[in-house]
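The block underneath contains the structure these notes are about, expressed in structure tokens.
Sequence lines set the chain letters: A, B, ... in the order given, protein chains first and strands last, and positions in each chain run from 1.
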Protein chains: 4
Amino acid sequence: MKSPIGRKKAKEPRLRGTQFIRKVLDAVIEQLAAVGFERLSIPEVAERAGVNKTSVYRRWPTKGDLIRAALDISMGSAGSASSTGNLRSDLVGTARLAADFVESPLGTGALRMLLAEGANPDVRNLAASMLRRQETEGPRALFDLAMARGELPRDTDVQLVLSTVAGALMHRAFIEQGPLTDAFIEDLVDLILSGASRNRSRR
Amino acid sequence: MKSPIGRKKAKEPRLRGTQFIRKVLDAVIEQLAAVGFERLSIPEVAERAGVNKTSVYRRWPTKGDLIRAALDISMGSAGSASSTGNLRSDLVGTARLAADFVESPLGTGALRMLLAEGANPDVRNLAASMLRRQETEGPRALFDLAMARGELPRDTDVQLVLSTVAGALMHRAFIEQGPLTDAFIEDLVDLILSGASRNRSRR
Amino acid sequence: MKSPIGRKKAKEPRLRGTQFIRKVLDAVIEQLAAVGFERLSIPEVAERAGVNKTSVYRRWPTKGDLIRAALDISMGSAGSASSTGNLRSDLVGTARLAADFVESPLGTGALRMLLAEGANPDVRNLAASMLRRQETEGPRALFDLAMARGELPRDTDVQLVLSTVAGALMHRAFIEQGPLTDAFIEDLVDLILSGASRNRSRR
Amino acid sequence: MKSPIGRKKAKEPRLRGTQFIRKVLDAVIEQLAAVGFERLSIPEVAERAGVNKTSVYRRWPTKGDLIRAALDISMGSAGSASSTGNLRSDLVGTARLAADFVESPLGTGALRMLLAEGANPDVRNLAASMLRRQETEGPRALFDLAMARGELPRDTDVQLVLSTVAGALMHRAFIEQGPLTDAFIEDLVDLILSGASRNRSRR
DNA sequence: CCATAATCGAGACGGTACGTCACGTCTTGAG
DNA sequence: CTCAAGACGTGACGTACCGTCTCGATTATGG
């Protein structure tokens, strides 16, 4: 029989289903950005999410499962730059998007993960596919358009150009630990397009 | 099966002093390249070195101490490219050295460490100084010479150029997981010097 | 083949009310005999009864409640030996009943419980009352009749005799793990009545 | 900030080897008597012994190993009654020893264990051998002597007599929860030797 | 050549965090 | 209204490492 005054405590209702999942995966992304793949532990994620660790283990038995899930649902926000009819603008736009990604918790986490655990095949598969989508699919189309417009030689090594841009962004962000400002991005694009040597064409 | 000769066991004598240190620090570098900073553990280093873990703890109480020591003695092999009187050759030489470093166990370990654990201040201090020496000191001089020769505008953003080259190498090595071939390096240098766009000057 | 008539699935209807209770409490007795008080768990009882654990918790919130209920309804089958006009026969009859109880699932469970968890006050209260009823109420009357008939000295320590018989049965059943045969019971009664020493009177 | 008074703490030295074992196994016996076999947990034993749980697991991986070890070293204090040339005295002495054992922590623990987990073969083997030694080996000899002296018929069922005595003691201790006084023991022995019925021979 | 100190090996122990398990509570939906 | 089904919280357990401590063995060094 219940106490007549049984106003129990007004405890907020348990998180269940979607809300529960949402809260946990958000915590994963935060934790990933904060401490990286290696140091991310399920108990800590659970605590950060205000949830019991057992419940997390039930849904995602391993760290890999958990992170995979977190990255999956966080990748809807991809988006790629649309062509402006000008290669430089397109490249700047693309690089800006990539830079935003690199500086986002999600991007930082994913990249750190890939860099640190490149040896681990699981990690590689996980992050590589994600990065490929982010880095190449959209941009590649822009290059094709630029070649069609005659702004770029047909034999351009697109992969090299993209790698170089991406590498420069990452070097700036992770090694020099500097911000990815618009000015930096424009200078970078100019360098890539025009070259450093004397007989180059300026914008 | 026992050896027919009753040779007692021929146990080699204990490592002491310098030999001991040498063996341990080598193992540290190997371990660093194999599993990275985070997963490197003193007991495992000791076992790989064929040494007792207590002895390692005596000399280097923390993981930081141990790795610092290992990197310190492994950095004598730096060396920088000497000028050839031609910017492109100099850049290729410099990039080749950097690439060798990136692909060496020491470089892989140090870079993975810095990239993955950039959040950790200890790691950052440790590796940043090391990289700065490796990446900039030598190269910078080559650029000054090139400017003096008129191969390069005086307002060239040297830091940007270096960052871009280094970033491209790292992207290739760690993200794309491809080898740093001479061809790749030459293409990279050409891209940086001449630019990607149509009106560029080829080598 | 499906039934042509929309017979929903022939799933047996849910157990409710009395049938539900019956099924659960039976399972409790079985479980009690099988694994004892300590290892008996409500979820397992529920599963054995083919019932949902939540429903069991609703009716009997604690293990004590559940077992108490199970023992209560299982104690109607008590019955005590009726007098035959002869002490030995009466004692054999009484011991036989006690032995049957000891060897029954209910008795095994209850006794194991009392013996093993005598430290637990709940257990003690629960089982002690039950055993007292079983062991003493009926038998005591038989002894009074025997004294009236002059078969027994008036100063006989009835409690001691009963304890000894009961103790011997339990020792045989639980320690020696042997069966409580009629022969054993008769030998036991003879020993108690006539004594072991030389100058005893045989039956 | 460290305390300015660096008085380290005067921590007592670690328990090692024999002292360590001693402390743990003592705690096992206590725990066994306090809560029985089922509820005994290695972590709690470790805490009671003031020792780390991991260290206990290292030496005795399972609860069975631990309890076996504890019982083994606690059985040196067995001792059996020596013959006095009189059957009654011998029996009283033997029963007194048995009673002391039953009331000791060790005996309580072992018996509870056997009673509660009689189904478990491990437990049965463990405790049965121990009890057999305690209950029968010594006593049996006394009966042989009594038969030789003519105090007892040669066809006496020694096992039955011993079981009955032991059973009565256990019933008294565990079911009635009463103390095993000298008076009780003497009354019990008299009952067993002389019988309860009228035509018995008193001591 | 021997004695003594410094160094290293070996193992036991304390300590922390992790992943698992079983239990009991809560919410929701079906009969 | 009762029961089923499942999700979730909660506590304890056993395990895996790591780092510390103690003791014994070996090697280098000074008289």
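- Checking F/dC18, E/dT20, E/dG9 against every side-chain atom of A/K53, the shortest atom distance belongs to E/dT20.
- Between the OG1 atom in D/T54 and the CD1 atom in D/I42 there is a gap of 11.0 Å [rounded to 0.5 Å].
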Tell me which donor-acceptor pairs under 3.5 Å the side chains of residues 15-24 of chain B have, and how far apart each pair is, sequence neighbours excluded?
none

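- Closest to the C/N52 side chain, of the nucleotides F/dT20, F/dA4, E/dA6, is F/dA4.
- When the nearest nucleotides of DNA chain E are assigned to C/I42 and D/R58 by heavy-atom distance, the more 5′-ward of the two goes with D/R58.
- Residues from residues 20-29 of chain A lying near DNA chain F, meaning a heavy-atom separation below 4.0 Å, are A/F20 in numerical order.
- What separates OH of C/Y57 from P of F/dG9 is a distance of 17 Å, to the nearest Å.
- Between A/V51 and B/S41, the one whose closest nucleotide on DNA chain F sits nearer the 5' end is A/V51.
- Look at CD on A/E44: it is 9 Å from C1' on E/dA17, rounded to the nearest Å.
- Checked for salt-bridge contact, D/K53 and D/E47 miss the test: no charged N lies under 4.0 Å from a carboxylate O.
- Here the P atom of nucleotide F/dG19 and the CG atom of B/D65 are 12 Å apart, to the nearest Å.
- For the pair D/Q19 CD and E/dA12 C1', the computed distance is 13 Å after rounding to whole Å.
- Partners of B/D65 according to the side-chain contact (heavy atoms from CB on, under 4.5 Å) rule, which considers only residues two or more places apart in sequence or in another chain, are B/W60, B/P61, B/T62, B/R68.
- The side chain of B/T54 sits closest to E/dG11 out of E/dG11, E/dC13, E/dG15.
- Each of C/R59 and B/P61 has a nearest nucleotide on DNA chain F; the 5'-most of these lies closest to C/R59.
- In plain terms, the two heavy atoms of C/A27 and C/V45 that are nearest each other are CB-O, 3.8 Å.
- Here A/L40 contributes atom CG and A/R48 contributes atom CZ; the two are 9.0 Å apart, rounded to the nearest 0.5 Å.
- If you take CD of D/E47 and P of E/dG15, they are 12 Å apart, rounded to a whole angstrom.
- Distance, D/R39 CZ to F/dC13 C1': 16 Å, rounded to whole Å.
- For the pair D/W60 CH2 and F/dT15 P, the interatomic distance rounds to 15 Å; values are reported in whole Å.
- Summarising the geometry, atom CG belonging to B/D26 is positioned 6.5 Å from atom CD1 belonging to B/I73; distances are rounded to the nearest 0.5 Å.
- Within the structure, a side-chain polar atom (N or O) of C/S55 is placed less than 4.0 Å from OP1 or OP2 of F/dA4.
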